[in-house]
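Numbered from 1 within each chain, the chains take letters A, B, ... in sequence-line order.
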Amino acid sequence: MIRESDDVIVRTVARLLMPFITLYALYVVMHGHYSPGGGFQGGVILAAGFILLVVTQGIDRVKRRMSQEKAIIFSSLGLLIYAGIGALCLILGGDYLDYGTLGRPLSVQRAEARSLGILGVEIGVALGVMAVMCAIFFAIFTPDQKNGRREQ
Amino acid sequence: MVIRELIAGFFVCTGFFFFFTATVGLLRLPDFYSRLHATGKGDTLAVLFSLIGLAVYEGFSLTSVKIVLIAVFMFLAQPTATHAISRAAFRCNVKPLTTPGGPNR
Amino acid sequence: MNTFFLIMGIGMCLLVMLCLFRVIYGPTILNRAAGISAVGTKTLIILLIIGVVHRRVEMFVDISMVYALLNFIGCLVLAKYLERTGEV
Amino acid sequence: MEVTLLIEATESAFKILEDARNHAAGIMDTTVELMAEESRVLRDKKCRAIFTGAQRRKTRFHNFMGTAIILFIFWSLLSGHFDLFHLVLGAVCSLAVSYLFHDLLFVNVRIGNLRTMAWRFLIYIPWLLGQILIANMHVAALVLRPKMPISPRIIRFKTKLETDISKVTLANSITLTPGTITIDIRGDEFYVHALSHMVADDLYGGEMEDRVAHIFMEGDHLYLQDALDAARIYETLGV
């Protein structure tokens, strides 16, 4: 089990940096098509911020914010968003991930719809990647019961 | 235009000089804690100088603001990293070298 | 101006080589950790110089910000691990 | 004759003025005492309110709004596109993040005035940059000389700072100033590795510790805060 770091400096600096790291990760996700970034990289940075939080605050306090079950739920949510947008295009008559067709309901031109579609997919991917990373992290670092029942 | 490049060049050069002293300090100093002195301080200042030099070379735009943001982040992060490493050493009770010029430990 | 930055970049790489000596030779693990932290900050500057030389600073600034962040988190996690295992 | 009359008149006028002034001074003293009493009552009420829900909800909302504003500024700095879509996106993201981390940024901020603290911190940074410049000159001179005259030692000293943030600022400043690195903080004790005895002595002098205490309004600077409160109430009442 990862205990809370009893070092004041590391804990405080991590606490002060956490919001900025997460916002920077969201910036990377949102600005996928202008600067280097996008769903995957943003998700990884989000997970890095999460790991920093776990290493400094200890796994128990972070469990209140993001437990194992929540991680699994978020990962499936991310996948749902990603596939959902694709399926939506399919329903509206286009190909699987053809964002142009999204334009008709949103009454927006094709190019605009395409960028919105990509943005939606990236958000889904980032959410999924971060949640899977957290789930892996939890799987490694929470000791299992011998009889296979996961210790709460 | 030339003055801006001159100032940028000057800052990057001093940054390089402090990087050089930090690396020499890292190699030459006999004791682990004194090595941390060199890298902790040397790298922080060298990064600050180089980043300010690049920001000046970049001129007044959003990217130079972002470069200054990285400088602020490094200004906060580098001492904390040095502190964390030296604390790990202290907790593993690594004794500092008390006799000057002792063996290279 | 480009050549000046190129020279600076190559100089930085030489300094990284010197730091690598400490990482390889370092008598204890902790010296290696200090060496890695030093190498991290130098590569940050090399990254930015490459961005300036290729005139794509906008992209490289984001990359170097992420690099500085991951380098910092790496150092913290490494220090916490070394402190726990206690063998030096 | 008229002259003496005139003199008497002015004297009596002066006397009346004198009485009025004493009377006014008397009123002033009573009002000051009243104020001190009232500020003490106010302070107790505020302290009690802090622990009751009302104030805590207020501070939590203040924290949330503070974090949201800072994060939105940070977002607008990062993203080059200032069109409506990206700004709204930024606002949504910063609100979401500050909802997640509202209790992280401003935990146990002292009741002392946040603006003065931030302002003093900004003034402190140039001094710190100067210190780190001197430190590197010192390291450069030390390292480039063939024989390196260092006599490293670990020293321990007690500090009078209370809050985390002030201890962290002091620790980082110690790491950045010439010849010293903070190794560990155990409660109030700082363990510092110093390169030479000369550096260790000026660390005991506590000059930097006073600066940090001044920034975060701690230690002997507590009375300053009370004076400020009294002055502010004094102004508002417009006595």
For this session: Any chance you could lay out the side chain to side chain contact (heavy atoms under 4.5 Å, CB included) test for B:T80 and C:F72, step after step, and finish with the verdict?
Result: CA-CA 9 Å; B:T80 322; C:F72 172 56; 4.0 Å; yes
Distance (rounded to the nearest 0.5 Å) between [X] [atom1] and [Y] [atom2]:
X: C:L82; Y: B:R87; atom1: CG; atom2: CZ; result: 12.5 Å
X: B:H83; Y: C:C75; atom1: NE2; atom2: SG; result: 13.5 Å
X: C:N31; Y: B:R35; atom1: CG; atom2: CZ; result: 4.5 Å
X: C:F60; Y: B:K66; atom1: CZ; atom2: NZ; result: 13.5 Å
X: C:R32; Y: B:I85; atom1: CZ; atom2: CD1; result: 13.5 Å
X: C:M65; Y: B:F73; atom1: CE; atom2: CZ; result: 8.5 Å

Problem set entry | Options B:T63, B:I70, B:V24, ranked by heavy-atom pairs under 4.5 Å with chain C, top entry | B:I70
Exercise. Highest number of heavy-atom pairs under 4.5 Å with chain C: which of B:S64, B:A81, B:A84, B:A77?
Worked result: B:A77
For this session: Give a yes or no on whether the backbone of B:L26 and the side-chain of C:R22 come within a donor-acceptor separation of less than 3.5 Å.
Result: yes
With only heavy atoms counted, which part of [X] is less than 4.5 Å from chain C, the side chain, the backbone, both or neither?
X: B:F90; answer: neither
X: B:F20; answer: both
X: B:L54; answer: side chain

Problem set entry | Portion of C:L14 that has a non-hydrogen atom of chain B nearer than 4.5 angstrom | neither
Problem set entry | Side chain, backbone, both or neither of C:M1 within contact of chain B (heavy atoms, under 4.5 Å) |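 When you check distances to chain B, only side chain atoms of C:M1 fall under 4.5 Å.
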Could you tell me if the side chain of [Y] sits less than 4.5 Å from the side chain of [X], heavy atoms only?
X: C:E58; Y: B:L62; answer: no
X: C:Y25; Y: B:L27; answer: no
X: B:E58; Y: C:V61; answer: no
X: B:C13; Y: C:F4; answer: yes

Exercise. Looking only at heavy atoms, what is the nearest atom pair of B:L36 and C:A34, with distance?
Worked result: CD2-CB, 3.9 Å
Exercise. Which atom names give the shortest non-hydrogen contact between C:L30 and B:A88, and what distance separates them?
Worked result: CD2-CB, 4.1 Å
For this session: Report the C-alpha separation of C:S37 and B:T39 in whole Å, then their side-chain angles, then the decisive distance to 0.1 Å, and conclude whether the side chain to side chain contact (heavy atoms under 4.5 Å, CB included) test is met.
Result: CA-CA 8 Å; C:S37 157; B:T39 45; over 6 Å; no
Problem set entry | Pick from C:L18, C:V16, C:N71, C:L48 with the largest number of heavy-atom pairs that fall under 4.5 Å of chain B | C:L18
Problem set entry | Heavy-atom pair count under 4.5 Å with chain B, highest-scoring of C:L78, C:I49, C:L69 |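 Looking at each option in turn, the highest pair count goes to C:L69.
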